[in-house]
Each structure stands twice: as C-alpha cells, then as structure tokens.
Trainee: 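Got a structure for you, written out below as structure tokens; questions coming shortly.
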Amino acid sequence: MANLSTSYMGLQLRNPIIAASSGLTNSLENIQKIYDQGAGAIVLKSLFEEQINFAVNKTYNQSEDNYSYPEALDYISHYTRANDLENYLKLIREAKSSVDIPIIASINCVSASEWVTFAKSIQEAGADAIELNIFVLPSDPRRKSDQHEQVYFEILQSVMKQVKIPVAAKISYYFSGLSNMALQLSWSGIKGIVLFNRFYSPDIDIDKFEVTTSNVFSTAGENTLTLRWVAMLSDKIQCDIAASTGIHDGKAVIKQLLAGAKAVQVASVLYQKGFEQIGLMSKEIETWMDKHQFATTTDFIGRMSYKEVKSPAAYERVQFMKHFSGIE
Ligand SMILES: Cc1cc2nc3c(=O)[nH]c(=O)nc-3n(C[C@H](O)[C@H](O)[C@H](O)COP(=O)(O)O)c2cc1C
C-alpha cells in the first residue's frame, strides 16, 4: 500500500495535506475534526502583529495610523479581549496534547517590531513551527521594490533569532523579481515557503456604487498559477515548498507534488465542502500512487519540475497562441 508520508520543514507529515491557516483552524474542536479526517498538519489561524504589539506594549498608540492592515483595528477592538495571546498559546498547548500531527502557529506581519519576542512564547507553548504571513501591499508609488523586500528579511531574521523551531514565509506573487526573491528568502535560513497566499480583494457593486467583497474562496482553476511557480522554483530554492491556492481535490495535490512541492495547504475546499475532503483527497492520492506503482511520495515529488520535464519552456509560456491553446 502506498505510503503518503512526506517531510516538510524537517517535520514528518503522515500525508502532504495541511489545513491552511483560516477561521477553521481557530478552535480545538475543529483541530480535532481536521485531525480525524487525516490531515498531515494544521496551521492555526493567524494572529495579527498589531494584536501582539497591543498586548506586548500597552502604551501602543491606538490611532488608526498605527495599523498596517485596515482590518486589524476592527479585529483588535472587537476580538482581542475575548481571544488574547494567552488563548492562542492555550490553543497550541491543547492542540499539541490532543493530536499527534505538527501544529504550526501563524502570524500576519508587516514589520519586525516588538511582536517578534512573542515567537518565543509560541515555541515554549509547543508549536512545531511558525509560519509568517508577510504582506506589504506595494501600493505606495514612492517606495521602490527593494524597500518593500527588505522588510521580509528583517522580519524573518528577527524571528529566527528568537526561536529554534522551523520558520516558514507565506508570500504572495506581488514581486517584480519573484524567482530571485524566493531564492534569497530560501537562503535566509527559513525552512519552508508557502506559495502563495490568497488575499481578500475588493469588488464594486455597479448599482449601489459601493465597494464590496469579491469571492472569499478560491476556485479550482486558480491552482495553475501556483503550479507554474512551484515547478519553476522547486529545483532552485533551498527550502521546502508548500503549495497553496486553488487546491480543491486529490488531483490538484498530485500536480503540486509532481511540480516539486513537499506539501499543500487547503482552506477554501474545507469551507465549501467540509473536512471530509481531506480524507477524500488522501484516498485519491493513494489510488493514483498505487496505479503508478509509487511506494512513497519521494518517488514522484519533483518529477515534473522545471529541471525534470522534457520541455521546461512549457512552464515559461505566457502568451496565448493557437498552437498551444487550440483556440484562435
Ligand atoms: C476565510 C479565510 C480566512 C483566512 N485566514 C487566513 C489567516 O488568518 N492567515 C493566513 O495566513 N491565511 C489565511 N487565509 C488564506 C488561506 O490560508 C489560504 O492560503 C488561501 O485561502 C488559499 O488557499 P485555498 O485556495 O485552499 O483557499 C484565509 C483564507 C480564508 C478563505
């Protein structure tokens, strides 16, 4: 029978399916359910760096200007008191004593400020790793790309000074030099990189003239953007990749592993179809491995990476041409 285990950031996972950070991973009850459905690991719902700074430094000025995420102010004023840092550490401790799969803590951050010391508490509570969801929207036309990029390295270095557990960077594709950035991040000492985070995006209601929320959940088609970059980067970078965005079934997991990911992270499909999807995805991977006589995941992880495929140019092709798309 196929062995689905994989190694991600030095952690042993019983299979490559990780429940991504989301509201679904914020309670012990759900963590237990996700575990029961067979997930390989769980990334807890993220704390905001502002939330931690608020608690670390009670004199932290609460003006709106101090909040880098517009949603953070609301979140903190309505939520923090009920769900403070101690609750987060309690969740880590309880999760660790209830389930025996890796528990990865997560922080949304935009600067290397006071909050970084909290990483030590996360480690002491027993988290197996820390994932840093770093995103600075490059919206300020006066700031050059290297100024934005520097922040990533400052954050990662500061956190890695605090802890011994593996650290991962969860990033977006908003970089003009994405390959070079990913390469440099992988040299910084991180053990994993999550490609890619998916963000809340605004939409416009054309009758009410209001800014609204676009689709909160991904579609299965979004998987291919990640696939291209996993395939192009997996041979080059020096840390493990977890693929994320648009992974909705076992076939999509297999594709990401073939491209070179060590694991995948899923959220939308769990919201839309329930935690049983984890078990169904595992089964699909197992059936496929048996069909192709792969005994272990290492037999096929990276087999379709940029370096391994016959025509790597296929991953670089970007313009539609009739010859490739079949459509005029
Ligand atoms: C409702 C919701 C809440 C999320 N919250 C977080 C979060 O707190 N931290 C984070 O790093 N990612 C968060 N994400 C992003 C997911 O972890 C994941 O990277 C993204 O949704 C892409 O995966 P998917 O296509 O399987 O949904 C959230 C996603 C959703 C849908």
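Remember, it's 1-based here, ligands and their atoms both numbered in the order they're listed. Not measured: the values here are computed from a predicted model.
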Trainee: Could you find the nearest protein heavy atom to atom 8 (O) of ligand 1 and give me its residue, atom name and distance?
Mentor: K45 NZ, 2.9 Å
Trainee: May I ask you to check if ligand 1 and A267 share an N or O to N or O distance below 3.5 Å?
Mentor: yes
Trainee: Is there any side chain to side chain donor-acceptor pair (under 3.5 Å) pair reaching into residues 241-263, and which pairs are they, with sequence neighbours excluded?
Mentor: S218-H248, N223-Q256, D240-K262, K251-E284
Trainee: Donor-acceptor pair, distance only, cut-off 3.5 Å: does the side chain of Q12 make one with the backbone of S5?
Mentor: no
Trainee: Going by salt bridge (Lys or Arg N to Asp or Glu O under 4.0 Å), name the residues that satisfy it together with R93, two or more places apart in sequence or in a different chain.
Mentor: E86
Trainee: Are D140 and R142 ion-paired here, with the side-chain N under 4.0 Å from a carboxylate O?
Mentor: yes
Trainee: Pick one of side chain, backbone, both or neither for how N133 approaches ligand 1, counting any non-hydrogen atom pair under 4.0 Å.
Mentor: side chain
Trainee: Heavy atoms only, cut-off 4.0 Å: how does E222 contact ligand 1, side chain, backbone, both, or neither?
Mentor: neither
Trainee: Is the closest side-chain donor-acceptor distance between Q184 and N180 under 3.5 Å?
Mentor: yes
Trainee: Checking a contact table here: which protein heavy atom is nearest atom 1 (C) of ligand 1, and how many Å away?
Mentor: Y271 OH, 3.3 Å
Trainee: For atom 3 (C) of ligand 1, state which one of A19, S218, A220, S22 supplies the nearest heavy atom.
Mentor: S22
Trainee: Flag E131 as yes when one of its N or O atoms lies below 3.5 Å from any N or O atom of ligand 1, and as no otherwise.
Mentor: no
Trainee: Name the closest protein heavy atom to atom 17 (O) of ligand 1, giving the residue it belongs to and the distance to 0.1 Å.
Mentor: S21 O, 2.6 Å
Trainee: Any N or O on R198 sitting closer than 3.5 Å to an N or O of ligand 1?
Mentor: no
Trainee: For F196, is at least one N or O under 3.5 Å away from an N or O on ligand 1?
Mentor: no
Trainee: Check contact between F199 and ligand 1, using heavy atoms of the residue and a distance below 4.0 angstrom.
Mentor: no
Trainee: Could you tell me whether the side chain of L270 reaches within less than 4.5 Å of the side chain of Q277, counting heavy atoms only?
Mentor: yes
Trainee: Show the atoms of ligand 1 that are less than 4.0 angstrom away from any heavy atom in N197.
Mentor: 12 (N), 15 (C), 19 (O)
Trainee: What orientation do H292 and W288 show, parallel under 30°, tilted 30 to 60°, or perpendicular over 60°?
Mentor: tilted
Trainee: Would you mind checking which non-hydrogen protein atom is closest to atom 12 (N) of ligand 1, with the distance to 0.1 Å?
Mentor: K170 NZ, 3.0 Å
Trainee: With heavy-atom distances below 4.0 Å as the criterion, list the atoms of ligand 1 near S244.
Mentor: 18 (C), 19 (O), 22 (C), 23 (O)
Trainee: Whether E29 and K33 form a salt bridge (side-chain N of Lys/Arg under 4.0 Å from carboxylate O of Asp/Glu) is what I want to check.
Mentor: yes
Trainee: Measure N108 to ligand 1 on non-hydrogen atoms and call it side chain, backbone, both or neither using the 4.0 Å cut-off.
Mentor: side chain
Trainee: side-chain contact (heavy atoms from CB on, under 4.5 Å) for F196 and E222? Distances and angles first, verdict last.
Mentor: CA-CA 11 Å; F196 295 105; E222 292 176 46; over 6 Å; no
Trainee: Give a yes or no on whether the backbone of K45 and the side-chain of Y88 come within a donor-acceptor separation of less than 3.5 Å.
Mentor: yes
Trainee: Can you tell me which residue and heavy atom of the protein come closest to atom 9 (N) of ligand 1, and the distance to 0.1 Å?
Mentor: S46 OG, 2.6 Å
Trainee: Decide whether the shortest distance between a heavy atom of V266 and an atom of ligand 1 is less than 4.0 Å.
Mentor: yes
Trainee: What protein heavy atom sits nearest atom 27 (O) of ligand 1, and how far off is it?
Mentor: S268 OG, 2.5 Å
Trainee: Keeping S27 on the side-chain end and L24 on the backbone end, is there a donor-acceptor pair under 3.5 Å?
Mentor: no
